[in-house]
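Only one structure is covered here, and it is reproduced in the block below.
Numbering starts at 1 and runs along the sequence shown.
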Amino acid sequence: MLDWLISLWSDPNTRWILMGCTLLGLGSGVIGSFTFLRRESLLGDTLAHAALPGVCIAFMLHEVKSASLFLIGALVAGIAAVFCVSAITRWTKIKSDAAMGIVLTFFFGVGTVMLTHIQHSGSGSQSGLDKYLFGQAAAMVTSDVYILMGVSVLLVVAAMLLFKEFKLISFDPGFARGIGLPVGLLEHAMLILTTVAVAAGIQAVGVVLVAALLITPAAAARYWTDRLPVMLAYAGVFGALSGASGAAISTLGEGIPTGPVTVLAATLLFVLSLLLAPGRGLLSKTLRHRNLKADYARSAERGALNAAEGGSQK
């Protein structure tokens, strides 16, 4: 195990990929915590699936696999998907979760058709484009890693600078609006940051599963604390561990997708948090319930003894 880790770190290309995926998980976990607290978990999934047609259109226009072009295409497609959701909820009686489901499936269907067309077009440059479905960190080049690192730093810095504002609109947007904060502008800023996180992570994790890197670390972190700054720290650490695990394991063999491994690592951390977290974990709750039952039984026994002694004295 130690030799494998040393060999991973000794390879410069693998080392950069590990650093990029780790930082991506860190940034996604931090910004995803606000999405989780606002109960907009499906929004990340919608943005992720909507990114696929953006990636395909960017490739069809330039016929070159460029992470920066794909990032722009995914951003534009994500913003278009958000506008579609907003239009459906505003002009119809359909609720937001149903609107997200409609937009998610439509955009992903369009992206799948486009991807199939590209793969059968005979273009030599399309090789490996299907890796964007489930992610393949090992296929990234140095420029891709630089983009991942830059996006991760942007997400963390933005979350730190706008922490108080994001906290208010996550827990009490009415109060935030009452004290004069531009709630609409802040919500759009958070949405753009979420879209950036999704767009940056599709090559490493894939459009199908990148939303899990936003939500699962945040859900796991929620079990460990009631304080938001600590939750953000936990979510960042869990996301970083998930990203590093996915990138490392995907290097073990050719064709191992990074996305599913990353999601499995994040889910494992969630299950461990669900079981072992102090206070909120199932084990802690079980022990606390058992202790309460034992205390109640002892109190009842003492009460019965006192009643019996009082009756014998009379």
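Judged purely by atom type and a 3.5 angstrom limit, Ser86 has no side-chain atom pairing as donor or acceptor with the backbone of Val82. Looking at Ser284, its side chain never comes within 3.5 Å of a backbone N or O of Gly281 through a donor-acceptor pair. Without hydrogens or angle criteria, His289 side chain to Lys285 main chain gives no donor-acceptor distance under 3.5 Å. Under the 3.5 Å distance criterion, the side-chain polar atoms of Arg15 are left unmatched by any main-chain donor or acceptor of Leu18. No donor-acceptor pair under 3.5 Å is formed between the side chain of Arg280 and the backbone N or O of Leu274. The main-chain N or O of Gly29 is found under 3.5 Å from a side-chain atom of Ser33 such that the two form a donor-acceptor pair. No side-chain donor-acceptor contact under 3.5 Å links His117 to the backbone of Val113. When atom types are taken as modelled, the side chain of Asn291 and the backbone of Leu287 share a donor-acceptor pair closer than 3.5 angstrom.
Within the 4.5 Å cutoff, side-chain heavy atoms of Phe34 are placed close to those of Leu232. Looking at heavy atoms from C-beta onward, Ile79 lies out of side-chain contact with Leu191 at the 4.5 angstrom threshold. In this structure, Leu52 and Phe107 have side chains that are not in contact, with every pair of non-hydrogen atoms separated by 4.5 Å or more. With contacts defined as side-chain heavy-atom distances shorter than 4.5 Å, the pair Phe166/Phe171 does not qualify. At least one side-chain heavy atom of Leu214 sits under 4.5 Å from a side-chain heavy atom of Ile31. Taking the side chain as every heavy atom from C-beta outward, Leu47 and Leu43 approach each other to under 4.5 Å. Counting only heavy atoms from C-beta outward, the side chains of Leu168 and Ile179 approach each other to under 4.5 Å. Considering only heavy atoms from C-beta on, Met190 comes within 4.5 Å of Ser170 through its side chain.
Applying the side chain to side chain contact (heavy atoms under 4.5 Å, CB included) test between Val210 and each of Val198, Val263, Leu24, Thr262 identifies Val198 as the sole match.
Of all heavy-atom pairs between Pro260 and Leu209, the closest is N-CD1, 3.5 Å. For the pair Gly243 and Cys21, the tightest heavy-atom approach, listed with the atom from each and the gap, is O-CB, 3.5 Å. Of all the heavy atoms in Ala199 and Ala74, the pair that sits closest is CB-CB, 3.5 Å. Of all non-hydrogen atoms in Gly239 and Leu213, the two that sit nearest each other are O-CD1, 4.2 Å. The shortest heavy-atom contact between Ser28 and Leu155 is N-CD1, 4.2 Å. Counting all heavy atoms, side chain and backbone alike, Ala244 lies closest to Thr22 at CB-OG1, 3.3 Å.
For Ser68, the side-chain hydrogen bond (donor to acceptor under 3.5 Å, both in side chains) partners at least two apart in sequence or on another chain are Ser66. Listed by chain and number, the residues in a salt bridge (Lys or Arg N to Asp or Glu O under 4.0 Å) with Arg39 amount to none (sequence neighbours excluded).
Leu283 and Tyr234 fall within the same hydrophobic cluster, where Ile, Leu, Val, Met, Phe, Trp and Tyr residues are linked whenever their side-chain heavy atoms come under 4.5 Å apart, directly or through other members. Taking hydrophobic clusters as Ile, Leu, Val, Met, Phe, Trp and Tyr residues chained together by side-chain heavy-atom distances below 4.5 Å, Leu269 shares a cluster with Leu275. The cluster map of Ile, Leu, Val, Met, Phe, Trp and Tyr, joined by side-chain heavy atoms under 4.5 Å apart, puts Phe106 and Val207 in the same cluster. Following chains of ILVMFWY side-chain contacts shorter than 4.5 Å, one cannot reach Val30 starting from Leu241, and the two form parts of different hydrophobic clusters. One hydrophobic cluster, built from ILVMFWY side chains closer than 4.5 Å, holds both Phe59 and Leu61.
We find the CH2-CG distance between Trp224 and Leu276 to be 6.0 Å, quoted to the nearest 0.5 Å.
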(message) Does Met149 form a side-chain contact (heavy atoms from CB on, under 4.5 Å) with Val153? I'd like the steps, not just the answer.
(response) CA-CA 6 Å; Met149 296 173 69; Val153 172; 5.5 Å; no

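Aromatic ring pairs are classed by plane angle as parallel below 30°, tilted from 30° to 60° and perpendicular above 60°; the pair Phe270 and Tyr223 is perpendicular.
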